[in-house]
Amino acid sequence: MPRHPLRRPAARRASALPRVLPATWLPDLTTAPLAYSGLQLDLLFYLLSTLKEGPASRPVELWLGGFSAAAGKKHNYSYVAAAAAALVAQPLTIRGKQEQYRPLRLFDRVRSVPGQGLLQIKLARAGLPYLLELRDLIPATSLRAFLQLSSKHAKRIYALCCRYKAKGRTPTFTVADFKQMLGLVDEQGHEKQQGFTSLRKHVLEAAVQQINATTDLRIACQLEKHGRAVFYLAFTVKCQALPVLLPAAGLDAEPATG
């Protein structure tokens with residue numbers, strides 16, 4: 001039988017000190033703490049696929065028809081506009097090289113043109129270098145596979161694995177840092193996935209299965225123990241042929257009305 005993609009935790013001596021993820025690996029959007037919804041992540045990455053080099057002064061146009069065609073499903077304009085507005089209102093935090101967090105705004109404003117099915121999004125100058133780096137992680141040929149991942153956690157893990165596919169392995173995270181990265185811990189410190197068993201079943205196993213079945217990557221999660229508890233995790237990454245995705249009926253990439 002093939003080995004399960006979520007591998008058995010490797011034991012570590014209880015006396016071993018926890019490893020700390022080097023700060024040089026952290027200042028990018030794939031490891032930034034994000035509490036985005038699945039729709040917001042789809043908007044972000046679709047928007048990046050249309051992003052061109054140049055000044056941030058010109059708004060980026062997002063057409064509902066093109067977005068629905070890329071995602072393989074019809075989207076309601078009002079929902080998309082509300083999700084885009086929430087993206088603008090939600091600044092991120094980025095950890096710098098001195099282990100200090102600083103706020104980062106990716107978008108300045110969004111303007112709705114509902115009669116044309118259009119959103120005009122103004123990029124923040126400070127966030128543009130991060131957006132351009134993130135844009136280059138997922139090739140245009142893989143965008144639709146990303147958009148068809150149903151789990152928002154799978155989308156985040158896929159982007160992370162794209163970041164490190166040339167190395168064949170992501171950095172090793174503590175479970176606590178990984179939960180924070182996926183937005184599974186709120187500002188009050190309350191966890192959305194209580195206990196490692198819940199994280200393993202509802203986040204890790206589901207994400208690994210979806211990514212391996214839908215995208216151009218084949219990943220496996222490696223778990224390691226500190227004492228008796230699972231304390232660390234990382235992902236191994238290999239490329240595979242992109243599965244054939246059937247086009248959705250009745251969708252095209254032309255601008256659509258709201």
Side-chain angles (χ1 to χ4, degrees), residues 24-71 75-97 100-147 149 152 155-164 181-183 253-258:
T24 53
W25 281 340
L26 289 171
D28 68 82
L29 295 183
T30 62
T31 52
L34 294 179
Y36 288 173
S37 67
L39 177 56
Q40 287 175 321
L41 288 170
D42 286 350
L43 276 173
L44 174 62
F45 279 89
Y46 178 75
L47 185 69
L48 294 178
S49 72
T50 67
L51 191 60
K52 307 297 182 183
E53 300 282 352
S57 56
R58 179 177 298 179
V60 178
E61 293 187 340
L62 188 149
W63 295 93
L64 181 65
F67 177 53
S68 294
H75 280 289
N76 179 280
Y77 181 84
S78 60
Y79 289 157
V80 173
L87 279 178
V88 173
Q90 185 176 351
L92 308 178
T93 54
I94 295 289
R95 187 187 297 181
K97 294 183 178 181
Q100 295 178 341
Y101 285 94
R102 61 184 179 86
L104 175 69
R105 183 171 294 279
L106 299 179
F107 310 103
D108 278 340
R109 62 179 180 272
V110 59
R111 176 175 176 264
S112 299
V113 189
Q116 301 179 33
L118 172 66
L119 293 174
Q120 295 178 328
I121 302 173
K122 175 72 166 54
L123 305 179
R125 187 179 302 274
L128 185 58
Y130 294 90
L131 292 171
L132 290 173
E133 181 191 24
L134 191 60
R135 177 202 62 183
D136 296 337
L137 292 180
I138 300 181
T141 54
S142 303
L143 176 65
R144 187 171 177 197
F146 171 88
L147 294 177
L149 292 170
K152 65 179 180 180
K155 295 175 189 292
R156 288 296 313 278
I157 293 171
Y158 176 71
L160 174 69
C161 290
C162 283
R163 175 79 164 82
Y164 292 98
M181 185 184 81
L182 292 191
E254 295 300 320
T257 61

Any side-chain to backbone donor/acceptor pair from Ser142 onto Ile138? Under 3.5 Å, distance only.
no
Rounded to the nearest 0.5 Å, what's the gap from OG on Ser49 to CZ on Arg144? Could you check?
13.5 Å
Measuring from atom CZ of Arg109 to atom CD1 of Ile121, what distance do you get when rounded to the nearest 0.5 angstrom?
11.5 Å
Rounded to the nearest 0.5 Å, how far does CG of Asp136 lie from CG of Leu131?
11.0 Å
As an exercise, state the distance from CG of Leu47 to CG of Asp42, rounded to the nearest 0.5 Å.
12.0 Å
Considering the options Arg163, Arg156, Met181, which one meets the side-chain contact (heavy atoms from CB on, under 4.5 Å) requirement together with Thr30?
Arg163
Looking at every non-hydrogen atom in both residues, tell me the closest pair between Ala85 and Val110 and how far apart they are.
CA-CG1, 3.8 Å
Please tell me if the side chains of Leu51 and Val60 come closer than 4.5 Å, counting only heavy atoms from C-beta onward.
yes
Heavy-atom closest pair (Val88 atom, Arg105 atom, distance to 0.1 Å) is O-NH1, 2.6 Å
Can you tell me how far OH of Tyr36 sits from CG of Leu87, rounded to the nearest 0.5 angstrom?
5.0 Å
When you measure from the side chain of Lys155 to the backbone N and O of Leu149, does any donor-acceptor pair fall under 3.5 Å?
yes
Side-chain touch Tyr77/Leu119, heavy atoms, less than 4.5 angstrom:
yes
Atom pair CG/OH of Leu39 and Tyr79 - distance to nearest 0.5 Å:
11.0 Å
From the list Arg58, Arg125, Lys122, salt bridge (charged side-chain N to carboxylate O under 4.0 Å, His left out) with Asp108 holds only for Lys122
Are side-chain heavy atoms of Leu44 and Phe107 found at a separation under 4.5 Å?
yes
Do the ring planes of Phe146 and Phe45 sit parallel (below 30°), tilted (30 to 60°) or perpendicular (above 60°)?
tilted
Shortest non-hydrogen contact between Leu137 and Ala159, atoms and distance
CD1-O, 4.1 Å
Quick one: does Leu62's side chain get under 4.5 Å of Thr50's, heavy atoms only?
no
